[in-house]
Amino acid sequence: METKKATEAATKKIPVFINGRAFESTARRWGPVYNPATGQETHRVPLGGAEDVASAVAAARAAFPAWRATSLARRTAIMFQIRQQLADHQEDLARTVTREHGKVLADAMGEVARGLENVEFACGIPQLLKGEYTEQASTDVDVYSIRQPLGVVAGVTPFNFPAMVPLWMLSNAIAAGNTFVLKPSEKDPSASVLLATLLSEAGLPPGVFNVVHGDREAVEALAAHPDVSAVSVVGSTPVARAIRRAAVAADKRVQALGGAKNHLVVLADADVEAAADGAVSAAFGSAGERCMAVSVVVAVDDIADALVAAIVARTRALRIGDGLDPASDMGPLVTREHRDRVAGYIEAGRRDGAAVVVDGREAPACEGPGFFLGATLLDHVTPSMACYRDEIFGPVLCVVRVHTLDDALALVNDSPWGNGVALYTRDGGAARRFQFEVLCGMVGINVPIPVPVGYHSFGGWKASLFGDTHIYGPDGVNFYTRRKVVTSRWPRAAADGVDLRFPGSE
Ligand code: NAD
């Protein structure tokens, strides 16, 4: 009976969602989707190319004129309904995320909650689209700026936040009057189909939000499609960079967020217990598969030994298991290949001379069929080691020991990445200097994961972001709208006569 059920599940095909309907893709290529906690293939995902993309873009294009013309009052009312619908189904979404991504349910619930913040922000879109008005800029002439939607916009999202990152994009995009085509990660695509279904049930008209699946082929088709006006991409640095290039070459507006390697600096005066709590939570939450995960602790001066001891105690106490088991602190990695790649960095660290203080490969869960790897701590890491240089994106925390705040700042500022950074200290002056000098897009002072709230914008510096636009919040509204400036005069009784001079202010 169990085997029969498993076989049925294995043949389940993930649908595309186009024009308000979920249906089977005609794609020739299909790929596996796993439950990483069991190692079982649970679904097949279409790796559709240009055909699915063409029908999704056509649906979005057809839906755009009516959606754009829908009153702000009505669009806002629908955003409120979407907010309620997602809140009512928060746990369904979270369970869907856990089943395909592996993160523990509490973490997945948090992901959906952070995504909801973006919907809540977009419920205030009338305030953000108000524009500016200058009366009597010239005699009897008024000038006003308005913001209008772009048309069909596309999003390409990573595996690690299958609900939140799509919500980063789609909330402002559709509230502003655009129509949207999402290409989620092929590793955990079910959450986006559920999102599309919930949006549709909340009253979003057909064609306003569409989901296609696939890999490079689908993304390239989206980036090149002449009816797509803008592309948002969140992913690893090489992929974000390549998609940005392709979309810019096709004259599109692009928002591109890349990978990361985030430091947590602990000064000698810091509260060791609080810093260790922050480091372990930020390093091993979601098994380190977060772009804002802390992957390097920089221990300054003589705090290092006490700090490492406090981190080790907490790391050893972590319970590794199925994310749907409430007893688990940390779930598996997303695929077997990714787990093996991350484990390879533990071995490389050992070979390069780092001390493997806690070795996640020894966790009992690693013996099962799931894609588990325990939390790992590497001490005495130096900047030349691969485990320091590369984005590992797994539960491996490196400790680099330095002498001074200057050394710590130099280390962080020399890093090619610049997504997030955190500082633990009780010294306000040191914190102020750190904030002033550090070359990084998001800074936490005694806060380990400084993801901005939905009414600010999210984005890194250096190799963590391409172009100048951050994502969601005010930057998101600007990205998904373009400015139009109107200069108007309503004639009084007499015309003014022809005047060939360049118009000025009189
Ligand atoms: P990825 O780069 O492998 O994939 C991202 C998306 O691009 C997916 O939808 C994927 O299907 C598509 N893609 C993959 N290869 C492609 C190619 N050659 N051409 C075109 N499209 C391609 O990233 P991932 O492994 O899914 O996600 C993890 C990465 O995302 C990490 O590097 C992480 O730091 C980064 N990330 C960054 C942020 C941020 O805000 N800066 C947030 C989340 C994740």
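Atoms within each ligand, like the ligands themselves, are counted from 1 in listed order.
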Engineer: Just by distance, no angles: are the side chains of S232 and Y480 close enough, under 3.5 Å, to form a donor-acceptor pair?
Structural biologist: yes
Engineer: For the residue pair E51 and T26, confirm or rule out a side-chain donor-acceptor distance under 3.5 Å.
Structural biologist: yes
Engineer: Would you mind listing which atoms of ligand 1 come within a distance below 4.0 Å of any non-hydrogen atom of V156?
Structural biologist: 6 (C), 7 (O), 9 (O)
Engineer: Before signing off on this row, confirm whether R216 and ligand 1 have an N or O atom pair separated by under 3.5 Å.
Structural biologist: no
Engineer: Given G214, G258, C291, P189, identify the one with the heavy atom nearest to atom 41 (N) of ligand 1.
Structural biologist: G258
Engineer: So is S236 polar-close to ligand 1, meaning N/O to N/O under 3.5 Å?
Structural biologist: yes
Engineer: Please write down residue, atom name and distance for the protein heavy atom closest to atom 13 (N) of ligand 1.
Structural biologist: V239 CG1, 3.7 Å
Engineer: What protein heavy atom lies closest to atom 27 (O) of ligand 1? Include the residue and the distance to one decimal.
Structural biologist: P158 CB, 3.2 Å
Engineer: Angle class for the F159/H338 ring planes (parallel below 30°, perpendicular above 60°, tilted otherwise)?
Structural biologist: perpendicular
Engineer: Could you tell me which atoms of ligand 1, counted from 1 in the order shown, lie closer than 4.0 angstrom to a heavy atom of G259?
Structural biologist: 32 (O), 34 (O)
Engineer: With a sphere of 6.0 Å drawn around CZ of R114, does it hold more than 12 non-hydrogen atoms of other residues, nucleotides or ligands?
Structural biologist: yes
Engineer: What's the shortest distance from atom 44 (C) of ligand 1 to any protein heavy atom, and which residue and atom give it?
Structural biologist: N160 OD1, 3.1 Å
Engineer: Check ligand 1 against F458 and write out every atom of the ligand that is under 4.0 Å from a heavy-atom position of the residue.
Structural biologist: 39 (C), 40 (O)
Engineer: Are D475 and T469 close enough that a side-chain donor and a side-chain acceptor fall under 3.5 Å?
Structural biologist: no
Engineer: Would you check the N or O atoms of T157, main chain and side chain alike, for any that come under 3.5 Å of an N or O of ligand 1?
Structural biologist: yes
Engineer: For ligand 1, which is the ligand I care about here, please tell me if E391 has any N or O atom under 3.5 Å from one of the ligand's N or O atoms.
Structural biologist: yes
Engineer: Does one side chain, of Y345 or D390, offer a donor that lies under 3.5 Å from an acceptor on the other?
Structural biologist: yes
Engineer: Flag E186 as yes when one of its N or O atoms lies below 3.5 Å from any N or O atom of ligand 1, and as no otherwise.
Structural biologist: yes
Engineer: Given the side-chain rings of F371 and Y34, with only the six-membered ring counted for Trp, is the space between their centroids under 6.0 Å?
Structural biologist: yes
Engineer: Testing H101, E100, H43 for side chain to side chain donor-acceptor pair (under 3.5 Å) with S190, which one passes?
Structural biologist: E100
